[in-house]
4 protein chains.
Amino acid sequence: MSDSLRVTIWNEYHHEKHNPAVSAIYPNGIHAVLKDGLAAHDFSSIRTATLDEPEHGLTEQVLADTDVLLWWGHRRHNDVDDTIVARVQARVMAGMGLVVLHSGHYSKIFKALTGTPCTLNWRDDGEKERFWVVLPEHPIAAGLPPHFELEKEEMYGEPFGIPAPDELVMLSWFKGGEVFRSACTFFRGRGRIFYFRPGHETFPSYHDANVRRVIANGVRWAAPTLSEPRAPANVRMPALEPLG
Amino acid sequence: MSDSLRVTIWNEYHHEKHNPAVSAIYPNGIHAVLKDGLAAHDFSSIRTATLDEPEHGLTEQVLADTDVLLWWGHRRHNDVDDTIVARVQARVMAGMGLVVLHSGHYSKIFKALTGTPCTLNWRDDGEKERFWVVLPEHPIAAGLPPHFELEKEEMYGEPFGIPAPDELVMLSWFKGGEVFRSACTFFRGRGRIFYFRPGHETFPSYHDANVRRVIANGVRWAAPTLSEPRAPANVRMPALEPLG
Amino acid sequence: MSDSLRVTIWNEYHHEKHNPAVSAIYPNGIHAVLKDGLAAHDFSSIRTATLDEPEHGLTEQVLADTDVLLWWGHRRHNDVDDTIVARVQARVMAGMGLVVLHSGHYSKIFKALTGTPCTLNWRDDGEKERFWVVLPEHPIAAGLPPHFELEKEEMYGEPFGIPAPDELVMLSWFKGGEVFRSACTFFRGRGRIFYFRPGHETFPSYHDANVRRVIANGVRWAAPTLSEPRAPANVRMPALEPLG
Amino acid sequence: MSDSLRVTIWNEYHHEKHNPAVSAIYPNGIHAVLKDGLAAHDFSSIRTATLDEPEHGLTEQVLADTDVLLWWGHRRHNDVDDTIVARVQARVMAGMGLVVLHSGHYSKIFKALTGTPCTLNWRDDGEKERFWVVLPEHPIAAGLPPHFELEKEEMYGEPFGIPAPDELVMLSWFKGGEVFRSACTFFRGRGRIFYFRPGHETFPSYHDANVRRVIANGVRWAAPTLSEPRAPANVRMPALEPLG
């Protein structure tokens with residue numbers, strides 16, 4: 001299955017063009033580094049799309065050709081067109097996988113899919129984050145050590161304003177004293193959604209080998225299970241048994 | 001707690017004014033009969049609100065004075081203003097309970113809170129529905145027999161396009177051969193949501209004693225647990241431990 | 001992965017030797033027909049084991065060579081040795097998959113893994129059972145129609161005394177008026193457990209193509225996700241950060 | 001309801017009699033301090049029971065008179081008689097609440113109810129533990145601040161070998177670098193189970209006001225919802241609808 005998996009990486013692509021500290025880490029954009037991280041895997045295609053392209057790069061055709069979509073956004077969530085959000089949501093309902101990264105937790109699409117405000121505590125001082133695997137047997141944790149660290153990351157702290165995740169795969173410990181549900185899955189419609197916390201634009205987290213492994217695992221895990229997408233529908237049913 | 005519980009019943013109130021078969025059963029509207037059904041309980045107030053009132057009867061003040069909101073809609077879901085939907089959703093996030101009845105499954109507010117299309121199979125031929133209690137110990141099932149019947153109801157059949165409910169309280173059996181998750185709970189934000197299936201406008205289901213008991217139980221169950229509503233918020237946190 | 005999947009089918013193998021009505025349907029035992037049903041799939045080995053063999057056929061070596069174990073028992077649950085039950089449970093904790101069939105719901109191993117009495121209502125008059133797929137996108141439902149029927153089966157009805165399943169894949173409708181959660185998954189330890197309802201010994205359900213498909217899907221789904229089994233363990237950890 | 005709530009506190013009561021460091025903190029036993037902590041609440045009775053009493057103090061009559069049982073054990077889990085474990089489990093199935101404290105995670109009763117080994121990482125060097133409320137709206141979190149600390153506690157770290165909790169109420173952060181799901185609920189049979197992490201015998205955690213509040217909240221939350229206990233049972237059902 002996975003060798004025919006078509007991936008699209010969506011990035012807001014704003015900070016990289018306006019903040020030298022960010023472009024030093026991600027000169028061609030976060031999407032480019034995410035693409036590099038997936039390149040070693042046997043996905044059949046990996047394309048990218050960004051906010052300022054027509055239709056944000058997410059045309060009907062692009063989505064029809066996408067099995068799993070990754071989403072990174074931060075500053076310009078409100079500039080994402082509601083029509084495109086609805087289009088992505090409809091595609092998830094029909095079976096497309098979605099991997100939401102870091103501040104994508106506050107995107108229109110993640111809020112629409114969870115039905116909640118997705119609020120949290122935060123601090124961007126750059127501090128150690130340690131990930132603990134809660135479900136070692138989960139495919140998203142395949143190949144990971146029991147814990148791993150990022151030396152500098154933004155802190156996200158509980159309470160995280162989401163519905164109870166369908167699966168809780170990892171928790172984060174922060175040097176400054178907080179904890180966070182940092183790898184969560186959600187099943188919505190026919191689609192699978194994976195939220196993964198790290199990736200503040202001023203830190204090189206998407207160059208980290210463990211982070212890359214989790215994202216690749218997440219893409220595989222989120223791949224559609226149905227042989228072809230099928231949108232849920234209302235159907236008037238004739239009775240199968242006599243009503244009389 | 002419950003003796004200070006303030007309830008608002010929202011009804012689209014359309015069929016009752018346009019279909020004699022419906023007005024015969026609900027001459028003053030479905031909301032009036034739902035109110036009768038709750039009157040025997042010690043709620044401190046029970047008010048009603050309908051679609052054609054200004055702001056659909058759901059002003060900021062009304063919602064601020066509501067602990068649990070009931071919702072019945074069917075034909076005119078699209079006439080509900082998006083601003084009011086967002087207002088109700090925000091209030092659920094802050095802790096207000098919501099009881100969604102029957103075709104309210106397809107309302108804007110239920111879709112927004114679940115993030116899914118809420119599709120299902122249906123047939124309105126009028127047939128026997130039997131409810132089976134799956135969780136006898138759940139407060140929503142308090143006082144119910146192991147099963148009860150409605151002689152004539154619309155059929156709703158699986159697959160029901162919702163997220164996995166946080167709790168599955170009852171299942172329905174239909175004479176024509178279908179099954180349905182007919183009493184489901186969802187926790188979203190600080191609020192509790194209860195979906196209960198029966199109540200097609202052409203059948204007298206809201207006059208039924210067991211149905212009334214479930215709705216009253218559901219209202220009590222959905223009551224806010226926080227002493228005062230508190231909307232989730234993003235907060236920048238100073239470090240609790242030294243970062244150095 | 002699945003082409004190296006090693007399956008063991010465990011059967012009490014009692015009714016088939018003592019009841020002509022059963023042996024007419026399952027002359028070489030229920031396990032033999034289950035094996036036939038899996039034969040078309042690319043599992044690397046399919047062996048069987050039965051109650052009256054030494055150690056019930058479930059030696060340490062057999063379990064070490066088993067990726068997924070199927071379990072059918074009914075009359076002689078109490079004759080299963082507690083030592084063997086503990087051995088199977090330990091192996092599930094380490095990652096082995098377990099598919100529990102029909103009256104296996106009342107086996108020592110299923111009760112031990114769920115922590116509950118697994119009680120239910122029942123009636124063995126032989127009546128139509130209709131299965132409805134609740135999660136069409138679940139791998140266990142792959143290739144199934146929206147619903148399928150068995151003309152004669154034993155009835156199992158709610159309330160089913162189990163913990164809330166981690167996933168509810170199918171519901172059953174019975175002609176006599178009941179409903180049942182008939183395809184449920186549970187994650188316990190590193191292992192995956194799938195319960196599937198049909199298979200009373202006096203009816204030919206394990207000859208049915210849809211039932212066979214579900215069982216094969218369930219075996220694949222329950223396959224270990226870890227590259228090698230790993231039992232959970234208590235570990236004394238040195239501090240990763242300074243405690244002073 | 002709560003004013004008629006009958007509580008029994010069970011304690012292994014071993015360390016307090018053999019380790020001066022423990023008896024200095026809990027001179028009359030951990031159970032005595034837990035009882036003090038609940039005394040301010042309007043429970044109708046609070047009794048205690050300990051391992052060395054006949055039947056461990058948990059006779060049929062005592063359990064019949066108990067709505068919620070607290071459990072603390074550590075060194076002598078294996079000395080608890082299997083008959084008493086089965087008796088407690090049966091009573092939970094019928095609706096009795098159970099609050100499992102600290103090292104009670106490794107008791108026979110908790111393992112029996114979860115079906116899992118309940119393993120974890122640990123370190124008893126005495127270090128800061130910080131509790132974060134994940135579900136502020138949960139009754140168990142009523143009256144708590146967003147986070148609170150214990151200056152010295154034993155560390156328990158993930159992965160915690162339990163089934164996914166039905167609700168995750170709090171997470172713990174440890175100075176030494178670990179995280180833990182430290183307040184979890186489980187629904188089993190008709191009973192409610194609450195696991196709460198802190199309480200190593202060499203630290204005064206059960207004198208802490210926030211810990212006491214959580215335990216009192218947990219007792220209230222775990223109280224039976226059924227008016228009288230009712231064990232799940234197998235029932236042969238006559239058909240409700242014609243089978244012909």
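Each chain gets a letter, A, B and so on, in the order the sequences are listed, and its residues count up from 1.
- Counting heavy atoms of neighbouring residues, nucleotides and ligands inside a 6.0 Å radius, atom CZ of B:Arg75 does not exceed 12 of them.
- Heavy atoms closer than 4.5 Å to chain C are found in both the backbone and the side chain of B:Val179.
- For B:Leu168, the part lying under 4.5 angstrom from a heavy atom of chain C is the side chain only.
- B:Trp173 touches chain C through backbone and side chain together, each having a heavy atom under 4.5 Å away.
- Among the candidates C:Pro159, C:Gly177, C:Ala164, the residue making the largest number of heavy-atom pairs closer than 4.5 Å to chain B is C:Gly177.
- Of the two parts of C:Val134, the backbone and the side chain both hold a non-hydrogen atom closer than 4.5 Å to a non-hydrogen atom of chain B.
- The contact between B:Glu178 and chain C is made by backbone and side chain atoms together, counting heavy-atom distances below 4.5 Å.
- Contact of B:Lys128 with chain C is not made at all, since no heavy-atom distance falls under 4.5 Å.
- Here C:Glu158 is the residue among C:Glu158, C:Lys175, C:Glu149 with the most heavy-atom pairs under 4.5 Å with chain B.
- Neither the backbone nor the side chain of B:Phe160 comes within contact range of chain C; no heavy atoms are under 4.5 Å apart.
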